[in-house]
Amino acid sequence: MASAKAAIHWFRKGLRLHDNPALLEAIKQCENIYPVFIIDPWFAREEFVGKRRYQFLLESLSDLDRSLRERKSRLYVAKGKPEDVLPQLFRKWSISLLTFENDTEPYARKRDSAIRSLAEGLNVSVKSFTSHTLFDPEHLLFLNKDQVPGTYKSFCSLVKGVKVELPLEAPAQISNHIPVKDEAGEYDVPTLLDMGYKEIVGPPTPFRGGESEGLKRLRMHMNNKRYIAEFEKPKTKPNSLEPSTTVLSPYLKFGCVSSRLFYHELLSVYKQVKSHSQPPVSLVGQLYFREWFYLNGYGVPNFDKMIGNPRCVQIPWIENAEHLEAWEKGTTGFPFIDAIMTQLKTEGWIHHLARHMVACFLTRGDLFISWEEGAKVFSRYLLDADWSLNTANWQWLSASAFFHQYFRVYGPVSFGKKTDKNGDYIRKYLPVLKKMPHKYIYEPWTAPLHVQKAAGCIVGKDYPEPIVDHKIVSKRNIGWMAEAYRKKKAMKQGKGGKSAKAKKNPAKRPSNSNLDGFVVRKK
DNA sequence: TTCCTGTTGTATAC
DNA sequence: GTATACAACAGGAA
């Protein structure tokens with residue numbers, strides 16, 4: 001009699017039991033299921049993954065473990081490189097099937113193809129499923145003749161009529177077999193300290209990781225049918241003291257909540273109300289942006305770089321370590337910018353429009369520093385840092401791709417005022433400005449000295465002077481952007497045979513020594 | 001080739 | 001609150 005068949009379901013993203021086709025396939029085919037997550041210690045470094053996101057991941061794993069134990073199973077957290085760990089586990093547990101969710105990121109694709117051939121050599125069959133996104137990017141590319149749609153609108157017409165699969169139920173039972181004895185706790189979910197991180201100082205991030213938390217948050221929003229039906233992204237506030245958007249992004253990033261579940265729940269609410277908002281501003285519209293950006297990450301070469309990325313405008317960004325550091329640390333002297341960066345670091349989440357504000361400021365708006373630098377910082381601190389989405393949004397805001405109206409520059413003083421005239425958001429995150437009168441809170445350097453004294457905040461001593469003159473640098477930058485776009489245009493025309501034109505308008509490389517003296521191109 | 005549209009700008013005028 | 005200049009982009013449709 002043949003012994004019971006054993007499978008590993010390998011969790012990576014998709015940290016959930018609901019809508020998990022790969023896990024269900026393992027359960028269908030095998031009696032003994034080993035749910036595994038592999039932690040690669042090499043990634044446990046703060047320069048890549050900030051401690052708050054790592055904490056969120058560990059909480060998600062603990063939640064998964066709890067849910068599995070409720071079903072008389074458990075999560076096995078193994079440490080090491082997947083290509084080392086998995087073969088060991090295959091042998092140890094006599095595995096014949098490996099299942100996982102497809103991942104479209106370049107690193108993951110490389111890793112998974114290596115694992116596939118490894119498994120093949122060890123007589124382990126591999127089954128993988130698309131369940132992180134609404135659509136299968138490979139299928140979308142096939143439908144669009146291998147072209148990634150260049151605009152949101154053309155993406156929407158592409159997916160019109162493509163069915164979004166219904167989400168699957170969580171399995172009631174995982175496995176017949178009793179989990180292996182692990183008295184030493186070899187496979188337990190580690191702590192932040194175990195992974196070499198220092199403990200989080202100050203209040204914990206307000207968002208806890210895991211499928212349970214994610215589903216709770218989803219339900220909470222879905223119960224508010226009016227909010228769901230009327231949701232319009234541009235009308236939500238970047239500086240409200242409580243989030244004005246759903247904060248489902250970290251749960252979608254790790255797959256604690258299935259995007260297909262979210263999508264079908266939205267459709268179900270839409271059916272129950274008289275009218276609802278539409279893409280691009282609606283919540284379904286937000287999911288479509290996610291899909292479009294994932295497709296870009298899948299189909300555009302060198303997507304996370306400027307150089308070698310055919311969709312990205314080539315812009316001669318400035319290198320300026322002091323400015324970059326001031327931006328990251330929240331010491332630019334612009335209270336709205338500094339408050340947003342403080343919220344980013346202390347809570348791991350900031351509103352979408354707040355991201356716009358600081359991203360525009362770092363790149364084309366003020367500092368003219370590469371979006372790649374900004375993307376690195378965001379991916380360190382954001383709980384929801386997602387390779388495709390983060391990259392795409394940085395390209396958008398820096399007017400490198402997707403968005404091209406570079407002359408629309410966010411004002412670090414004006415933008416926040418529109419939705420928070422009193423500056424309460426700034427007061428919350430920058431207590432040093434707590435007593436600054438609202439007239440000056442967005443630009444404290446304009447406050448008379450006696451006002452600064454009365455507020456207990458002297459600019460230049462208690463709070464920094466602004467590192468740039470926004471009016472001057474934003475105008476200068478528009479000129480530089482125009483140069484870069486002209487060069488792009490000339491290159492494009494040059495390809496058609498008129499190469500002389502390409503040389504006519506080369507983009508000027510801005511020099512650090514001439515930051516304020518650049519004269520905008522004359523008419 | 002021209003025209004239209006593009007989630008989410010700002011300052012100023014009425 | 002709404003309109004307009006600012007200096008003017010790209011992609012896609014017609």
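This one's a predicted model, so the numbers in the text were calculated from it and none came from an experiment. Because only heavy atoms are used, hydrogens play no part in the values below, and waters and symmetry mates are left out as well, while side chains stay in. Chain letters run A, B, ... following the sequence lines, proteins first and then strands; every chain starts at 1.
Residue A:F407 places its side chain closer to C:dA8 than to any other of B:dT8, C:dA10, C:dA8. Distance from the side chain of A:Y485 is smallest for C:dA10 among the nucleotides B:dT8, C:dG12, C:dA10. When distances are taken from the side chain of A:Q405 to each of C:dA10, B:dT8, B:dG6, the shortest belongs to B:dG6. Of the listed nucleotides (B:dG9, B:dT7, C:dC9), C:dC9 has the atom at the smallest distance from the side chain of A:Y406. Of the candidate nucleotides C:dC9, B:dT10, B:dT8, B:dT10 has the atom nearest to the side chain of A:F415. Distance from the side chain of A:V281 is smallest to B:dT7 among C:dC9, B:dT7, B:dT8. With distances taken from any side-chain atom of A:S414 to the nucleotides B:dA11, C:dG12, C:dA10, the minimum falls on B:dA11. Here the nucleotide nearest the side chain of A:A482, chosen from C:dG11, B:dT8, C:dA8, is C:dA8. Taking the side chain of A:K488 as heavy atoms from C-beta on, and the options B:dG9, C:dG11, B:dT7, the nearest nucleotide is C:dG11.
One finds a salt bridge joining A:E265 and A:R219 here, because a Lys/Arg side-chain nitrogen approaches an Asp/Glu carboxylate oxygen to under 4.0 Å.
Under the Watson-Crick or G-U wobble criterion, with both distances below 3.5 Å, C:dA13 is paired with B:dT2. The nucleotide B:dG9 finds its pairing partner in C:dC6, both defining distances of the Watson-Crick or G-U wobble pair being shorter than 3.5 Å.
The aromatic ring centroids of A:W480 and A:Y485 lie 6.0 Å or more from each other.
Residue contacts shown for A:E232 are absent, as no nucleic acid heavy atom lies under 4.0 Å away.
Residue A:N393 contributes atom CG, which lies 12 Å from atom P of B:dT7 at whole-angstrom precision. Per the geometry, CZ belonging to A:F403 stands 13 Å off C1' belonging to B:dT5, to the nearest Å. Residue A:R408 contributes atom CZ, which lies 14 Å from atom P of B:dT5 at whole-angstrom precision. Going from atom NZ of A:K475 over to atom P of B:dT10 covers 16 Å, rounded to whole Å. In this entry the distance linking CE of A:M481 with C1' of B:dG9 reads 14 Å, nearest Å. Note: OH (A:Y152) to P (C:dG12) measures 16 Å, nearest angstrom. Between the CH2 atom of A:W480 and the P atom of C:dA8 there is a distance of 16 Å, given to the nearest Å. Taking atom CG of residue A:L397 and atom P of nucleotide B:dG9, one finds them 10 Å apart after rounding to whole Å.
A donor and an acceptor atom, one from each side chain of A:H438 and A:N422, are nowhere located under 3.5 Å apart.
If you take atom P in C:dG12 and the same atom in C:dA8, they sit 23 Å apart, rounded to whole Å. Comparing the same atom, P, in C:dA13 and in B:dT7 gives a spacing of 14 Å after rounding to whole Å.
Scanning all heavy atoms of the two residues, the minimum distance from A:N102 to A:S128 falls at OD1-OG, 2.6 Å.
B:dT7 has A:F289 stacked on its base ring, the centres lying under 5.5 angstrom apart and the planes within 30 degrees of parallel.
Applying the 4.0 Å criterion to OP1 and OP2 of B:dT10, one finds that A:K417 has every side-chain N and O outside that range. For the OP1/OP2 pair of C:dG11 and a distance below 4.0 Å, the side-chain nitrogens and oxygens of A:K489 include no atom meeting the criterion. A close approach under 4.0 Å does not occur between any side-chain nitrogen or oxygen of A:T236 and OP1 or OP2 of B:dT8.
Only one option out of A:L362, A:T331, A:T332, A:V377 pairs with A:M341 in a side chain to side chain contact (heavy atoms under 4.5 Å, CB included); it is A:V377. Residue A:Y381 is tested with A:E328, A:K345, A:E347, A:R52 for a side chain to side chain donor-acceptor pair (under 3.5 Å); the sole match is A:E328.
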